[in-house]
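Below is one structure; the comments refer to it alone.
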Amino acid sequence: MRLAVALILFAATAAVAPPLRAHGAPESFAELAEKALPAVVNISTRQTVEPQRAPDLPQFPPGSPFEEFFRKFFGDRGEREGGSPRRATSLGSGFIIDPSGIIVTNNHVIEEADEIQIRLHDDTEFKAEVVGRDPKTDLAVLQVEADDPLPYLDFGDSNETRVGDWVIAIGNPFGFSSTVTAGIVSARKRDIRAGPYDDFIQTDAAINRGNSGGPMLNLDGKVIGVNTAITSPSGGSVGIGFAVPASLAAPVIDQLRRFRETRRGWLGVRIQSVTDEIAAAFEGFGTARGALVAEVMPDSPAEKGGIKPGDIVLSFDGKPVERMRSLPRIVSDAEVDAVAPVEVWRSGKVERLEILVGRLEENDPASTLAGNGTKEHAIESLGLVVAKPNDELRKEYELDEETLERGGVVIVGVAPGSDAEDKGLEPGDLILEADQAPVGSANELEERVAAVRDAGRSSVLLLMNRGGDDRFAAVQIKTEETE
């Protein structure tokens with residue numbers, strides 16, 4: 001009898017439970033692809049590459065067989081040091097967002113281009129001009145002049161996208177135009193250390209070289225992301241691709257169209273993560289959240305608005321700060337020269353302040369983040385962001401304690417499309433030596449790279465450690481001549 005009653009109660013409970021919001025796999029993506037493909041473009045670029053100095057060859061006694069061997073494979077070094085500039089080409093993807101001919105792509109697709117050629121789905125070609133670009137989010141806006149209105153795609157709300165939702169990616173991987181792949185959203189809010197505003201959508205839809213700049217679409221045909229990067233030991237898709245979400249891309253693109261540059265908000269603080277241990281140290285604070293202010297820049301909006309070191313920023317401009325890396329993006333989206341309400345935790349209670357948002361200068365030192373005491377340093381000539389190892393980085397990248405005793409700096413970011421990425425460098429790699437000399441800090445690494453460049457060499461030899469194993473990599477040094 002009791003069993004029967006229990007079963008009836010269970011059945012009654014099950015009957016009123018809310019249904020799951022689940023949808024089966026679509027029968028086909030054909031209709032969606034058919035509508036979207038005309039708005040996706042192939043981008044080809046041409047750039048002039050200056051001749052590079054040949055590597056120094058070993059010296060051998062006259063008549064040595066080794067001398068003949070090296071000349072056979074490397075030629076005469078004196079003849080190779082000169083030469084004429086050569087033309088190089090590259091391929092990428094993009095998509096039209098306005099019938100007047102406005103195109104969105106990745107910055108790394110076009111940043112070194114002398115000429116940019118656009119080819120539509122019907123093979124119509126146009127010459128494109130750069131409207132504006134933003135290296136920090138790896139976005140760029142192009143313009144073509146067309147006689148008739150062009151097909152275009154609209155942005156959707158990426159904030160409504162859920163893990164497990166179906167998406168398709170369209171682009172030109174390995175030069176194969178108009179390629180459509182499908183998958184699901186694998187994760188959201190990914191921080192891959194590519195820049196200060198990382199908030200990537202991760203997908204298992206196949207993304208490969210050449211997909212960069214193409215759209216990620218939801219089943220409504222709206223753009224929810226701009227395909228940007230992959231994680232791969234081989235250079236091909238392994239089911240982990242990343243897209244800049246529309247919520248981040250759309251405001252940047254709007255500013256590039258209006259001003260031909262970005263106009264980001266600036267607060268003027270150095271911040272770090274609020275760990276469980278730090279949260280426990282603040283009486284009555286509760287669970288870890290927000291961004292802890294480590295330093296306030298003199299004469300900054302933060303100082304003028306009353307923010308102090310030791311404050312924990314809980315919200316900015318009406319938006320909650322869920323974690324440390326949320327704050328830079330929220331501040332950057334704030335309107336410059338507008339007053340923003342700010343909530344901070346101070347002396348055991350919430351304080352409410354008002355801040356007049358400043359404008360971030362792209363070379364402002366305060367734009368560099370400090371995460372949980374981690375000071376990140378950009379080595380632009382190598383396309384790397386590095387940091388001195390600390391407890392947070394040791395845990396995050398599972399760094400080998402014995403290896404750390406040798407010194408070095410940790411790679412925490414690799415620029416998409418850089419030679420460092422091509423050579424397989426990844427966040428978590430420990431750089432121990434540069435040009436066969438020990439590296440103890442980011443400044444020492446920069447000095448070694450500068451010395452190699454001043455000596456006329458085009459690449460620097462790095463000794464790195466990954467998972468306890470050493471390996472060498474020769475990474476090309478980016479100079480004004482190669483840009």
Query raised in the report: Cationic tip of Arg289 within the cone over Phe285's six-membered ring, i.e. under 6.0 Å and within 45° of the normal?
Result: yes
**Report entry** Heavy-atom pair of closest approach, residues Phe95 and Gly214
**Finding:** CD2-C, 4.0 Å
Query raised in the report: Is the number of heavy atoms from other residues, nucleotides or ligands within 6.0 Å of CD (Glu31) greater than 12?
Result: no
Report task. Please tell me if the side chains of Leu142 and Val131 come closer than 4.5 Å, counting only heavy atoms from C-beta onward. Result -> no
Query raised in the report: Would you say Tyr152 has more than 12 foreign heavy atoms packed within less than 6.0 Å of its OH?
Result: no
Query raised in the report: If you look at every heavy atom in Ala340 and Val357, which pair is closest and at what distance?
Result: CB-CG2, 3.9 Å
**Report entry** Trace of the side-chain hydrogen bond (donor to acceptor under 3.5 Å, both in side chains) decision for Asn42 with Ser177
**Finding:** CA-CA 7 Å; Asn42 178 289; Ser177 63; 5.6 Å; no
Query raised in the report: Would you say Asn218 and Asp165 make side-chain contact, with heavy atoms under 4.5 Å?
Result: no
Query raised in the report: Is there side-chain contact between Leu150 and Leu120, with heavy atoms separated by less than 4.5 Å?
Result: yes
Query raised in the report: Can you check whether Asn227 reaches Met216 side chain to side chain, under 4.5 Å on heavy atoms?
Result: yes
Query - Expected output: side-chain Ser315 to main-chain Gly318 donor-acceptor under 3.5 Å - result: no
Query raised in the report: Looking only at heavy atoms, which two atoms of Pro389 and Val410 are closest? And how far apart?
Result: CG-CG2, 3.6 Å
Query raised in the report: How about Val40 and Pro215: do any of their side-chain heavy atoms sit closer than 4.5 Å?
Result: yes
Query raised in the report: Is it the case that more than 12 heavy atoms not belonging to Glu380 sit under 6.0 Å from its CD atom?
Result: no
Requested in this report: Verify, without hydrogens or angle tests, whether Asp220 (side chain) and Lys222 (backbone) share a donor-acceptor contact under 3.5 angstrom.
Outcome: no
Query raised in the report: Would you call Val104 and Ile96 a side-chain contact if the rule is heavy atoms closer than 4.5 Å?
Result: no
Query raised in the report: Where the side chain of Asp204 meets the backbone of Ile184, is there a donor-acceptor pair that is under 3.5 Å apart?
Result: yes
Query raised in the report: Of all heavy-atom pairs between Pro251 and Ala246, which one has the smallest distance, and what is that distance?
Result: CD-O, 4.1 Å
Query raised in the report: Should Thr179 and Asn172 count as side-chain neighbours, where that means a heavy-atom distance under 4.5 Å?
Result: no
Requested in this report: Report the distance from atom CD of Glu351 to atom NZ of Lys308, rounding to the nearest 0.5 Å.
Outcome: 8.5 Å
Report summary line: Rounded to the nearest 0.5 Å, the OG atom of Ser212 sits from the CD1 atom of Ile230 at a distance of 8.0 Å
Query raised in the report: Roughly how far, to the nearest 0.5 Å, is the CG atom of Leu425 from the CZ atom of Arg466?
Result: 7.0 Å
**Report entry** Pairwise side-chain contact, Ile411 with Glu426, heavy-atom cut-off 4.5 Å (strictly under)
**Finding:** no
Report task. Without swapping roles, check the side chain of Ser273 against the backbone of Thr275 for a donor-acceptor pair under 3.5 Å. Result -> no
Query raised in the report: Do you know which of Asp138, Asn211, Asn106, Asn107 makes side chain to side chain donor-acceptor pair (under 3.5 Å) with Thr228?
Result: Asn106
**Report entry** Ile97 side, atom CD1; Asp254 side, atom CG - distance, nearest 0.5 Å
**Finding:** 9.0 Å
**Report entry** Closest contact, heavy atoms only, Ile379 versus Leu445
**Finding:** CG1-CD2, 4.1 Å
Requested in this report: Show your reasoning for whether side-chain contact (heavy atoms from CB on, under 4.5 Å) applies to Ile103 and Gln143.
Outcome: CA-CA 6 Å; Ile103 296 170; Gln143 170 80 64; over 6 Å; no
Requested in this report: Apply side-chain contact (heavy atoms from CB on, under 4.5 Å) to the pair Asp429 and Arg471, showing each step before the final yes or no.
Outcome: CA-CA 10 Å; Asp429 289 346; Arg471 71 184 186 97; 4.2 Å; yes
**Report entry** Distance in Å, Arg346 CZ paired with Ile307 CD1, rounded so as to fall on 0.5 Å steps
**Finding:** 8.0 Å
Requested in this report: Please report the C-alpha distance between Thr124 and Asp122 in whole Å, then the side-chain angles of each, then the deciding distance to 0.1 Å, and finally whether the side-chain hydrogen bond (donor to acceptor under 3.5 Å, both in side chains) criterion is met.
Outcome: CA-CA 6 Å; Thr124 304; Asp122 62 3; 2.8 Å; yes
Report summary line: Checking Val141, Asp134, Thr262, Thr137 against Ile253 for side-chain contact (heavy atoms from CB on, under 4.5 Å), the one that qualifies is Val141
Query raised in the report: Distance from Ser458 atom OG to Lys478 atom NZ, nearest 0.5 Å?
Result: 15.0 Å
Report task. Please report the shortest heavy-atom distance between Arg264 and Val252, naming the atom on each side. Result -> NH2-CG2, 4.3 Å
**Report entry** Pair Ser247, Ser158: side-chain N/O donor-acceptor within cut-off below 3.5 Å
**Finding:** yes
Report task. Decide side-chain contact (heavy atoms from CB on, under 4.5 Å) for Val452 and Ile477; before the verdict, give the C-alpha distance in whole Å, the side-chain angles of both, and the deciding distance to 0.1 Å. Result -> CA-CA 9 Å; Val452 171; Ile477 301 172; 3.7 Å; yes
Query raised in the report: For the side chain of Asp311 and the backbone of Val313, is there at least one donor-acceptor N/O pair under 3.5 Å apart?
Result: no
Query raised in the report: Yes or no on salt bridge (Lys or Arg N to Asp or Glu O under 4.0 Å) for Arg263 and Glu261, after CA distance, side-chain angles and deciding distance?
Result: CA-CA 7 Å; Arg263 297 185 178 182; Glu261 63 180 359; 3.6 Å; yes
Requested in this report: Would you please say whether a donor-acceptor pair under 3.5 Å links the side chains of Ser100 and Asp98?
Outcome: yes
Query - side-chain hydrogen bond (donor to acceptor under 3.5 Å, both in side chains) between Gln202 and Arg190, intermediate numbers included - result: CA-CA 7 Å; Gln202 180 182 326; Arg190 283 296 196 215; 2.7 Å; yes
Query raised in the report: Step by step, would you call Arg119 with Val41 a side-chain contact (heavy atoms from CB on, under 4.5 Å)?
Result: CA-CA 6 Å; Arg119 187 172 74 248; Val41 303; over 6 Å; no
